[in-house]
Amino acid sequence: MQFKASFLLILSLLCLTCTTIKAPEPYGPLPSERQLTWHDMEYYAFIHFNMNTFTNMEWGDGSEKPEQFNPTQLDTRQWAKTIKDAGMKGVIITAKHHDGFCLWPSQYTEHSVKNSPWKNGQGDVLKELSEACKAYGLKMGIYLSPWDRNHAAYGKPEYVTYFHNQLRELLTNYGDIFEVWFDGANGGSGYYGGANETRKIDNKTYYQWDKAIAIVRELQPNAVIFGDGGPGVRWVGNEEGWANETNWCLLRRNEVYPGYQKYIELRSGHEDGTHWVPAECDVSIRPGWYYHPAEDSQVKSLAHLVKIYYESIGRNASLLLNLPVDYRGLVHENDASQLMAFKTQMDKDFSINLAAYTQVTATNVRGNSSRFEAFLVKDNNPDTYWATDDNITQAALTLSFEKPTKVNRIVLEEYIPLGQRVKAFTVEAEVDGIWKLIDEQTTIGNKRILRFDTVEALKIRVTISSAKAAITLSNVALYHAPHLLTQPVANRNLEGNVTLSVADKNIEIFYTIDGSEPSSLSTKYHDSFIINEPTTLKAIAYNPDNNEKTSTRSWYFDISKKDWKIIKISSGDISEAQKCIDDDNHSFWLSGSSSNTQNIVIDLGKVYNISGFNYVPMTGRWPVGIISQYKFYVSNDQNHWTPTAQGEFGNIKNNPIEQMITFNPVSGRYIKLEGIKLIDDAQQMSIAELDIKTR
Ligand code: FUL
């Protein structure tokens, strides 16, 4: 009896402590409810699909005609399914881009789908997308370009009324909107109803932002507003998909406006920011925002997408990944399959949270209360957190395994409803009884992920060495991600030195040069090697941890080009022409501007039996001067030329990849390539690389 009474007393005292220990006071600017909901989105899609898709442009000038908009198989359910399968939580659509064409039948303009042949003018892309989003459980957002190069009144007050009216339409007719995206690109040349002139506006005042914001608040109170300076979500200051390692959700918001000159600052935010305005990383899965068939082979590699993930979501930002829907009205197969590969990889990286197998202790627990215990960082509940006493802004958290465990990722999350606090921290691992520094970093925020070389650790310690106020961490997770297995890439320099590489240094490469299939028993790649005669190189990448391997990649290398000399070009600077025999497919030679037939003559240094040539066209975003029809000659003396091949590089405009042309062997020392027709009737010819075949 006695025992029971004292037990109850202790219990009630304990409970008293848990209830009396108050949560830390909020510190600094705080996120709103809608921003907190947005933080949970993390990864969502951008869709650039509009007039530019049909004109093959990135920015239309506004003179386009609605008749040009005519997708043949538009299927927003295919978009939504792809996006959902990819693990994204929403989609933002370019309802109107700078060219002013509207994807919905706006009652305020004729420049819209209602005057297009698509569905005889009865279609509404926004409506179809909102229905598809509902069906697949996705949230929808809208991109509405303030700049309108079509509208006759752009620059005058009437246009601003039009812009606000359209915003109302979009926010009224398509269900819940989670984000409204206002582009910072503003004012400049355009069609403007036929005026064809340059119009400047004052970015800060012209659009009456206070009114635009009030419209959003009135019609979609849960929507965040994106802009260079928010007000809800800020641009990250680049279109490459990365934030700085130091990344505050805070901004001196009143200093930032659309088209902000010091936009580089947006990559980190402002430590002394006055408002909560977190960063969103917008980046396209291809070089362009809009679909261009010529970029079908330029979908970002898996390694690149993974890097983007860790440098956006892993650095306290969200990831808005753009899919350029094609002119059929579908997410292209190449993009869809790469998205799935990306999803599979990220699922592997974060498959088992090893923190679940640890005991967690902290050097300080707020009021010694169970309400703020250290183990709450691993309870999978984002609403609970470990917190320190008010005067404690330096503290360590230790996660102890029962036995040494392999770890190479750590995820850290602050309890952001109370503000972003951490300014500096370290991560250490106890390996074989010795503490080893793994990383030293600055901010955490909503989410911070660190990648590091695998350690077999008994303990992991996170030490917050500086914070603005008491520390609050809601989540600490540990993972052992597999090595990133991607196909090897081969490069040969002018001396014939071949290097093989993969994205992850823990992955091994095995290769053959005798045409046989490589396996993990073939030669293991350590250092570069020489190939200066016709050779087929084959290689695989191999993960020694789990014996997984890639499919084989093969390359054909012919003689090395170190003795080659450019001896004549039809126009331009001969030293520049060296770039088409420098064994670098990224550099290119662009001839002088003179004619739509151009040529180049090369001395191979000695006589070879030539049985073909390989033309690598210029790639990148704005290729010019690609040869579509060619003539190829061989000579022994530069005077008498034997025409050996003539023809067309098939589909090179839409798919600018290397073109190998073979013919019956001809002996000679000099070669001449002539472009007799250039894409788009260009007056300059370009060559990224030229090779010959001697076997
Ligand atoms: C930029 C625009 O000018 C691009 O065309 C694209 O829409 C990108 C997302 O934002 O500022």
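In each ligand, atom 1 is the first atom listed, and ligand 1 is the first ligand listed.
Under the side chain to side chain donor-acceptor pair (under 3.5 Å) criterion, the residue pairs touching residues 214-227 are Arg168-Glu218, with sequence neighbours excluded. Applying the side chain to side chain donor-acceptor pair (under 3.5 Å) definition to pairs two or more places apart or across chains, those involving residues 65-83 are Lys81-Asp85.
Listed by chain and number, Phe46, His48, Trp59, His97, His98, Tyr143, Trp181, Asp183, Ala185, Glu239, Asp282, Trp289 each place a non-hydrogen atom less than 4.0 angstrom from ligand 1.
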### Query
Could you walk me through whether Tyr162 and His151 pass the ring-ring contact (aromatic ring centres under 6.0 Å, His included) check?
CA-CA 9 Å; Tyr162 170 80; His151 203 280; 4.2 Å; yes

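Here Lys139 pairs with nothing under the salt bridge (Lys or Arg N to Asp or Glu O under 4.0 Å) rule; sequence neighbours left out.
Defined by atom type and a distance below 3.5 Å, a donor-acceptor pair is present between the side-chain atoms of His97 and Tyr143. A donor-acceptor contact closer than 3.5 angstrom is absent between the side chains of Tyr207 and Trp147.
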